[in-house]
Protein chains: 2
Amino acid sequence: MTDTPDNLRLNQQLCFSLYSASRALTGLYRELLAPLGVTYPQYLVLLALWEKSPLTVSELGAQLQLDSGTLSPLLKRLELLGLLSRNRADHDERVVLVALTERGTALRAEAVTVPDAITEAIGLERAQLIGLRDQVEDVADRVRTAIPTENAKTR
Amino acid sequence: MTDTPDNLRLNQQLCFSLYSASRALTGLYRELLAPLGVTYPQYLVLLALWEKSPLTVSELGAQLQLDSGTLSPLLKRLELLGLLSRNRADHDERVVLVALTERGTALRAEAVTVPDAITEAIGLERAQLIGLRDQVEDVADRVRTAIPTENAKTR
DNA sequence: CGCTTTTAAGTTGAGCACAACACAATCGTG
DNA sequence: CACGATTGTGTTGTGCTCAACTTAAAAGCG
């Protein structure tokens with residue numbers, strides 16, 4: 001609890017570096033994904049669907065930590081691109097099933113070079129990669145549990 | 001150069017964790033800054049100005065890695081809030097000097113609790129904080145130099 | 001000095017992120 | 001079964017982010 005002013009500053013620097021790194025990465029993905037005609041968040045949706053199609057909007061939201069306010073228009077754009085379809089589930093009319101189209105499935109082949117380019121740009125060894133990922137996830141988890149409104153929802 | 005599929009996956013996970021952590025942090029700042037009526041990017045501008053008051057738009061852009069397309073409307077909103085002023089420099093009419101108003105300066109007092117709350121939420125020791133910050137900055141730097149368009153500009 | 005080039009900010013348009021709200025389908029409980 | 005609560009998705013409004021373009025001022029150069 002006895003935080004030096006210096007530690008407060010370090011925390012701010014960490015926050016900014018995460019904010020800045022995230023934007024830089026999105027920029028790199030922008031270049032790499034331009035040939036495919038999709039954005040980074042759209043690519044994340046495709047990654048999820050390449051693992052398992054169909055997924056519901058909620059399932060996608062849970063994986064990407066995005067709500068329907070973000071996903072609905074994003075999925076609509078991907079549908080317009082002909083990469084996926086959206087259909088109400090038979091068993092529950094509230095649920096929308098998001099499924100890859102043939103074209104969406106095929107796009108995977110064009111995306112194979114993306115991870116390599118990212119890997120090269122980041123240029124970290126396996127061990128460092130794991131360490132950094134775990135630390136960042138740890139911070140994110142702690143921050144998420146610290147957000148008051150999230151906790152207020154008595155789930 | 002011989003990357004296993006597993007390493008490709010790790011890199012993707014790192015990218016996503018950075019993207020996700022950044023958004024989680026912005027969410028926490030949203031709660032903390034709500035009483036002040038500013039957003040996280042706006043808060044970053046104020047932090048810079050609390051260090052040194054007038055700053056040009058370019059100087060702010062260099063510090064925050066944001067271009068005028070983002071800063072211009074953001075600064076306009078802060079001006080509308082009465083927190084800062086924008087005036088063309090005498091010596092060079094192209095340059096806009098962004099300066100804190102009295103109210104903008106005073107807001108610093110209300111913001112003192114923010115860094116403590118962030119520090120508590122993140123809950124890392126000094127050494128880990130430094131290590132993580134440096135690693136993340138390192139990744140961001142490497143990614144930035146890997147973006148083709150940035151390099152293309154023969155500055 | 002004129003004229004081209006460069007530079008600083010601003011504008012526009014597309015997409016993302018999220019809060020707040022809307023609405024219909026389903027669930028739960030009496 | 002009825003009816004209030006919950007759930008899944010969508011809509012609206014505000015703000016951020018960036019690419020591409022515009023405009024005006026300044027700098028550089030023959």
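Just so it is clear, the structure is predicted and the values come from calculations on it, not from any experiment. Just so we're on the same page: letters track the sequence lines, and every chain starts at 1.
- Rounded to an integer number of Å, the gap from OH of B:Y29 to C1' of C:dC18 is 19 Å.
- Counting non-hydrogen atoms under 4.0 angstrom, A:T26 reaches nothing in the nucleic acid.
- Every residue two or more places apart in sequence or in another chain that forms a ring-ring contact (aromatic ring centres under 6.0 Å, His included) with A:Y43 is listed here: A:Y29.
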Just the table, please: protein N/O against nucleotides 22-25 of chain C N/O, every pair under 3.5 Å.
none

N/O donor to acceptor pairs below 3.5 angstrom from side-chain atoms of residues 89-97 of chain A, sequence neighbours left out:
residue, atom, partner, partner atom, Å
A:D92, OD1, A:R94, N, 3.0
A:D92, OD1, A:R94, NE, 3.1
A:D92, OD2, A:R94, NE, 3.4
A:D92, OD2, A:R94, NH2, 2.8

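- The stretch residues 79-89 of chain A touches DNA chain D through A:R86, A:R88, each having a heavy atom within less than 4.0 Å of the strand.
- If you take CD of A:Q42 and P of C:dA17, they are 10 Å apart, rounded to a whole angstrom.
- In the region residues 69-76 of chain B, proximity to DNA chain C at under 4.0 angstrom, judged on heavy atoms, holds for B:G69, B:S72, B:K76.
- With sequence neighbours left out, the side chain to side chain contact (heavy atoms under 4.5 Å, CB included) criterion links A:T39 to A:P41, A:Q42.
- Taking the side chain as every heavy atom from C-beta outward, A:Y19 and B:L25 never approach each other to under 4.5 Å.
- Distance A:L60 CG to D:dG10 C1': 15 Å, rounded to the nearest Å.
- Between A:L10 and B:R126, some side-chain heavy-atom pair lies under the 4.5 Å cut-off.
- Residue pairs meeting the salt bridge (charged side-chain N to carboxylate O under 4.0 Å, His left out) criterion with at least one member in residues 56-65 of chain B, sequence neighbours excluded, do not occur.
- Residue A:V96 places its side chain closer to D:dG10 than to any other of D:dG10, C:dG15, C:dA9.
- One donor-acceptor pair, N or O on each side, does fall under 3.5 Å between the base of D:dG10 and the side chain of A:S68.
- Relative to the side chain of A:Y19, the nucleotides D:dT17, C:dA9, D:dG15 differ in distance, and D:dT17 lies closest.
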Distance-only criterion, 3.5 Å: show the donor-acceptor pairs between side-chain atoms of residues 128-141 of chain A and protein atoms not counting sequence neighbours.
residue, atom, partner, partner atom, Å
A:R133, NH1, B:Q13, OE1, 2.5
A:Q135, NE2, A:G131, O, 3.4
A:D138, OD2, A:R142, NH2, 3.0

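- Sorted by first and then second residue, the salt bridge (charged side-chain N to carboxylate O under 4.0 Å, His left out) pairs with a member in residues 98-114 of chain A form an empty list; sequence neighbours excluded.
- Taking the salt bridge (charged side-chain N to carboxylate O under 4.0 Å, His left out) definition, one finds that A:E51 meets it with B:R9, sequence neighbours left out.
- Atom CG of B:D67 and atom P of C:dA14 are 17 Å apart (whole Å).
- C:dA9 atom P lies 14 Å from atom CG of B:L66, rounded to whole Å.
- For A:R30, there are no salt bridge (charged side-chain N to carboxylate O under 4.0 Å, His left out) partners at least two apart in sequence or on another chain.
- Under the 3.5 Å distance criterion, with hydrogens and angles disregarded, no donor-acceptor pair is assigned to the side chains of B:R23 and A:S22.
- Considering only side-chain atoms of A:P41, the nucleotide from C:dG15, D:dC18, C:dA17 that sits closest is C:dA17.
- In this structure, B:L64 places its CG atom 16 Å from C1' of D:dG15, rounding to the nearest Å.
- In this model, the phosphate group of D:dA19 is approached by a side-chain N or O of A:R30 to a distance below 4.0 Å at OP1 or OP2.
- What separates CD of A:Q65 from C1' of C:dA17 is a distance of 13 Å, to the nearest Å.
- Between the CZ atom of A:R23 and the P atom of D:dA19 there is a distance of 11 Å, rounded to whole Å.
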Please list every donor-acceptor pair under 3.5 Å in which a side-chain atom of residues 60-67 of chain B meets a protein atom from a residue at least two apart or in another chain.
residue, atom, partner, partner atom, Å
B:D67, OD1, B:G69, N, 3.3
B:D67, OD1, B:T70, N, 3.2
B:D67, OD1, B:T70, OG1, 3.4

